[in-house]
There are 2 protein chains.
Amino acid sequence: MPTEKETEQKIFDAAQKVFQRSGFKGARMQEIADEAGINKSMLHYYYRNKDTLFSTVFQSAAKKIMPRVFGILASESSLREKVVQVVEFYHNAFRENPELPSFVIYEMNHHPQQFKDFIGSMEMHLPETFIEQVEEAVESEELRTITPDQFLMNVVSLCMMPMLARNMVQALFHLTDEEYFSFLDERRQLIPNLIFNGLAL
Amino acid sequence: MPTEKETEQKIFDAAQKVFQRSGFKGARMQEIADEAGINKSMLHYYYRNKDTLFSTVFQSAAKKIMPRVFGILASESSLREKVVQVVEFYHNAFRENPELPSFVIYEMNHHPQQFKDFIGSMEMHLPETFIEQVEEAVESEELRTITPDQFLMNVVSLCMMPMLARNMVQALFHLTDEEYFSFLDERRQLIPNLIFNGLAL
DNA sequence: AAATAGTCCAACTAAATGGTTGAACTATTT
DNA sequence: AAATAGTTCAACCATTTAGTTGGACTATTT
């Protein structure tokens, strides 16, 4: 006999799977119910309607990524260590949940207001310690002139893009799944290296 | 009195707009007809069904980007010039059509087979001259060890990611539309610089 | 044990949506 | 000018889909 929490959890898990696979518009309530192995009206009992269910899933997904990255940036590590940790985090998270980045980016673009409200509701600012680290490194001429925003944008871009464009990468470079993951693994070292040292010798 | 070609073109333009705005599942045939200012059954007369119409639009969109980039990579320019040109191309193309990258990446992930067929049908290989340039630069120790694939992946990532994640960038860094485009413009110089020289001084 | 609150579902409804039809209208060919 | 081919659309149809309802069944409270 499943308890309330178990059923709710089953619905949530199923919804996450289906929404990530098919997107908000593509997902069918019946499909989610089937995936959860329960009757469709249970979805409405626990989550009222499709929007509410989606919101819950989306916010949970976003929370899996952004606060973790900000956590790393707020830590006591050196700038270089932080970059390494962020790169590792993205790559490990992708292994566990390959559809997550694609899902968040796409739905964010299609529910802009909902996304802004969500961002506003959590207080997301670039950690001060990170900003200071970049600014100090620039001032002391350890680094070329760059803003913390652009710095972070570079790291995130180099990590996420190959994950978002998985199909294109595999098709263009003719990679099997295995080769694709090797390709990604190479980047764990390549990215911090590129960020700080570039390619020129 | 509109000719056949004009009506077909109006449908195509409208479909492009609506599919890019709402995605395949989100787009409504009626919405496309309204956008084109014609009756819904015209869509079926010219494009048979939703899938055909979508396919046409999607392939046209993909053709706007990839062959152009490959064209630059196949040219006679130096490696550094090619990077600059690719970066410029992406940023200019985005100004003209800000929804295009997002559209192609998302739908590519949701119609993988269709996308593979499409890639296969055009013969898309990395241009030999580009591959040789990277390999020679590595061999002659002008560049750190890197494969042409990873090299290209870096450039494309640094360009496209901030475009795909526009909402996130604007929300997180608190940028107006104008500030966002300045942020992108900064990257035209920043990216080639990063690719070759990194940040270390 | 009776009453109450919580959990579950089969069957239903209303609305939306992709697609079809048949006829009217226009341009072109003979 | 008559016939033919091409173009347009209002009305319709079949299916899908989110959401509702009423009742059964279970656990908890009194």
Phosphate contact (D:dT8 OP1 or OP2) by B:Y46 side-chain N/O below 4.0 Å: yes
A:E139 side chain vs A:E136 backbone, donor-acceptor pair below 3.5 Å: no
d(CE, A:M29; C1', C:dA16) in whole Å: 16 Å
Complementary nucleotide of D:dT28, counting Watson-Crick and G-U pairs under 3.5 Å: C:dA3
Interatomic distance, A:S121 atom OG to A:Q59 atom CD [nearest 0.5 angstrom]: 6.0 Å
Between C:dA16 (P) and B:K25 (NZ): distance, integer Å: 18 Å
Main-chain N/O of B:Q170 paired to B:H174 side chain as donor or acceptor, under 3.5 Å: no
Base paired to C:dG19 (Watson-Crick or G-U; both N/O distances under 3.5 angstrom): D:dC12
B:Y47 OH - C:dT20 P separation (whole Å): 18 Å
A:Y45 side-chain proximity, nearest of D:dT7, C:dG6, C:dC9: C:dG6
Gap between atoms CG and P, on A:N39 and D:dG22 respectively (whole Å): 16 Å
A:Q9 (side chain) donor-acceptor with A:E6 (main chain) under 3.5 angstrom: no
Sugar-phosphate, base or nothing in reach of A:M42, heavy atoms under 4.0 Å: base
side-chain N/O B:R28 vs C:dA16 OP1/OP2, d < 4.0 Å: no
Distance in angstrom units between A:Q30 CD and C:dA16 C1', rounded: 18 Å
Touch class at under 4.0 angstrom, heavy-atom based, for B:I38 against every strand present: sugar-phosphate
Interatomic distance, B:I32 CD1 vs C:dG19 P [rounded to whole Å]: 11 Å
Out of C:dG19, D:dG19, C:dA10, whichever nucleotide has its closest atom nearest the side chain of A:N49: D:dG19
Sugar-phosphate, base or nothing in reach of B:A33, heavy atoms under 4.0 Å: nothing
Geometric cation-pi criterion, B:K82 with B:F130: 6.0 Å, 45°: no
Interatomic distance, B:L43 CG vs D:dT8 C1' [rounded to whole Å]: 12 Å
Selected nucleotide, minimal atom distance to B:K40 side chain, candidates C:dA10, C:dG19, D:dG19: C:dG19
Atom-pair distance (CD on B:E6; P on C:dA27), nearest Å: 12 Å
OP1 or OP2 of D:dA10 under 4.0 Å from side-chain N/O of B:S41: no
